[in-house]
Visitor: 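Input: one structure, supplied below.
Below, each value reflects all heavy atoms present in this structure, side chains not excepted, and no hydrogens, waters or symmetry copies.
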Amino acid sequence: MAFGITRQELNEWKQASREGQIAFLTHYWLHPKDPTIQTVTKVACADLDELVKWGSRYGLRKEWIHRRPSYSHFDLIGAKQIEVLHKEQLTDHIKRFNMTTD
(Lines give C-alpha, C1' and ligand atoms only; values in the text may rest on other atoms or scores of the structure.)
Protein backbone atom coordinates (compact mmCIF):
# COMPACT_ATOMS: atom_id res chain seq x y z
CA MET A 1 0.00 0.00 0.00
CA ALA A 2 1.42 3.38 -1.02
CA PHE A 3 1.12 6.39 1.27
CA GLY A 4 2.20 10.02 0.97
CA ILE A 5 1.73 10.58 -2.76
CA THR A 6 -1.02 12.10 -4.83
CA ARG A 7 -3.00 10.51 -7.61
CA GLN A 8 -1.37 13.02 -9.98
CA GLU A 9 2.14 11.90 -8.95
CA LEU A 10 1.18 8.28 -9.52
CA ASN A 11 -0.30 9.08 -12.93
CA GLU A 12 2.79 11.08 -13.95
CA TRP A 13 5.02 8.14 -12.96
CA LYS A 14 2.88 5.75 -15.00
CA GLN A 15 2.88 8.06 -18.02
CA ALA A 16 6.66 8.55 -17.95
CA SER A 17 7.16 4.80 -17.70
CA ARG A 18 4.79 4.11 -20.60
CA GLU A 19 6.73 6.63 -22.69
CA GLY A 20 9.96 4.66 -22.11
CA GLN A 21 11.48 7.03 -19.58
CA ILE A 22 13.18 5.93 -16.38
CA ALA A 23 10.54 7.03 -13.88
CA PHE A 24 10.95 7.40 -10.11
CA LEU A 25 8.19 7.22 -7.52
CA THR A 26 9.02 7.32 -3.82
CA HIS A 27 6.36 6.76 -1.21
CA TYR A 28 5.79 5.58 2.32
CA TRP A 29 5.35 1.84 2.54
CA LEU A 30 4.83 -0.80 5.19
CA HIS A 31 7.36 -3.56 4.55
CA PRO A 32 5.82 -6.94 5.41
CA LYS A 33 9.05 -8.39 6.84
CA ASP A 34 10.94 -5.39 8.24
CA PRO A 35 9.10 -2.67 10.16
CA THR A 36 12.18 -0.41 10.09
CA ILE A 37 11.75 0.08 6.32
CA GLN A 38 9.27 2.90 5.82
CA THR A 39 9.81 4.00 2.22
CA VAL A 40 10.34 2.50 -1.20
CA THR A 41 11.34 4.04 -4.51
CA LYS A 42 9.91 2.34 -7.55
CA VAL A 43 12.03 2.87 -10.66
CA ALA A 44 10.01 1.91 -13.74
CA CYS A 45 10.33 1.87 -17.50
CA ALA A 46 8.16 0.18 -20.12
CA ASP A 47 11.32 -0.38 -22.20
CA LEU A 48 12.65 -3.41 -20.32
CA ASP A 49 16.06 -3.28 -22.04
CA GLU A 50 16.46 0.34 -20.94
CA LEU A 51 15.47 -0.55 -17.37
CA VAL A 52 17.99 -3.40 -17.26
CA LYS A 53 20.70 -1.09 -18.62
CA TRP A 54 19.84 1.61 -16.06
CA GLY A 55 19.83 -0.91 -13.19
CA SER A 56 23.23 -2.33 -14.12
CA ARG A 57 24.76 1.10 -13.41
CA TYR A 58 23.79 0.58 -9.77
CA GLY A 59 24.53 -3.12 -9.45
CA LEU A 60 20.86 -4.09 -9.78
CA ARG A 61 20.25 -7.43 -11.45
CA LYS A 62 17.55 -7.94 -14.06
CA GLU A 63 16.19 -10.83 -11.97
CA TRP A 64 15.13 -8.24 -9.38
CA ILE A 65 12.76 -6.47 -11.76
CA HIS A 66 9.09 -6.76 -10.90
CA ARG A 67 7.61 -7.37 -14.34
CA ARG A 68 4.35 -5.60 -15.06
CA PRO A 69 2.90 -4.44 -18.37
CA SER A 70 4.13 -0.84 -18.86
CA TYR A 71 5.27 -0.60 -15.22
CA SER A 72 8.10 -3.09 -14.83
CA HIS A 73 10.20 -1.72 -12.01
CA PHE A 74 12.91 -2.10 -9.41
CA ASP A 75 11.99 -1.58 -5.76
CA LEU A 76 14.72 0.37 -3.98
CA ILE A 77 14.86 0.36 -0.19
CA GLY A 78 17.33 1.25 2.54
CA ALA A 79 20.86 2.39 1.83
CA LYS A 80 20.65 1.47 -1.88
CA GLN A 81 17.55 3.66 -2.22
CA ILE A 82 19.33 6.66 -0.71
CA GLU A 83 22.49 6.02 -2.76
CA VAL A 84 20.56 5.91 -6.04
CA LEU A 85 18.43 8.96 -5.21
CA HIS A 86 21.61 10.94 -4.43
CA LYS A 87 23.31 9.83 -7.65
CA GLU A 88 20.19 10.63 -9.69
CA GLN A 89 20.06 14.06 -8.00
CA LEU A 90 16.65 13.32 -6.49
CA THR A 91 17.48 14.53 -3.01
CA ASP A 92 14.03 16.11 -2.79
CA HIS A 93 12.69 12.53 -2.39
CA ILE A 94 15.08 11.97 0.53
CA LYS A 95 14.04 15.20 2.24
CA ARG A 96 10.33 14.82 1.58
CA PHE A 97 10.19 11.33 3.11
CA ASN A 98 12.70 12.00 5.93
CA MET A 99 15.05 9.22 4.89
CA THR A 100 18.22 8.47 6.79
CA THR A 101 20.75 5.67 6.66
CA ASP A 102 20.47 5.09 10.43
Visitor: For the atom pair NZ (K62) and CG (D49), what is the distance rounded to the nearest 0.5 Å?
Guide: 9.0 Å

Visitor: Can you sort out the partners of R61 under salt bridge (charged side-chain N to carboxylate O under 4.0 Å, His left out), two or more places apart, ordered by chain and number?
Guide: E63

Visitor: For E50, give me all partners under salt bridge (charged side-chain N to carboxylate O under 4.0 Å, His left out), at least two apart in sequence or on another chain.
Guide: none

Visitor: Quick one: closest heavy-atom pair of C45 and I22, and the distance?
Guide: CB-CD1, 3.8 Å

Visitor: Tell me the closest heavy-atom pair linking S72 and L48, and the distance in Å.
Guide: CB-CD1, 4.1 Å

Visitor: Which pairs with one or both residues in residues 4-21 pass salt bridge (Lys or Arg N to Asp or Glu O under 4.0 Å), sequence neighbours excluded?
Guide: E9-R96

Visitor: Within the structure provided, determine whether T26 and M99 are in side-chain contact (heavy-atom separation under 4.5 Å).
Guide: yes

Visitor: Residues two or more places apart in sequence or in another chain: which of them pass salt bridge (charged side-chain N to carboxylate O under 4.0 Å, His left out) with D75?
Guide: K42

Visitor: Under the salt bridge (charged side-chain N to carboxylate O under 4.0 Å, His left out) rule, collect the residues that match up with R68, sequence neighbours excluded.
Guide: none

Visitor: Can you give me the closest heavy-atom contact between F74 and L51, atom names plus distance?
Guide: CE1-O, 3.5 Å

Visitor: Please tell me if the side chains of W64 and L76 come closer than 4.5 Å, counting only heavy atoms from C-beta onward.
Guide: no

Visitor: Under 3.5 Å, sequence neighbours excluded: what are the donor-acceptor pairs made by side chains of residues 81-90?
Guide:
from: Q81; atom 1: OE1; to: T39; atom 2: OG1; distance (Å): 3.1
from: Q81; atom 1: NE2; to: T39; atom 2: OG1; distance (Å): 3.3
from: Q81; atom 1: NE2; to: T41; atom 2: OG1; distance (Å): 2.9
from: E83; atom 1: OE1; to: K80; atom 2: NZ; distance (Å): 3.4
from: E83; atom 1: OE2; to: K87; atom 2: NZ; distance (Å): 3.1
from: E88; atom 1: OE2; to: W54; atom 2: NE1; distance (Å): 3.0
from: E88; atom 1: OE2; to: R57; atom 2: NH2; distance (Å): 3.3
from: E88; atom 1: OE2; to: Y58; atom 2: OH; distance (Å): 2.5

Visitor: If the plane angle is over 60° it's perpendicular, under 30° parallel, otherwise tilted; pick one for Y71 and W13.
Guide: parallel

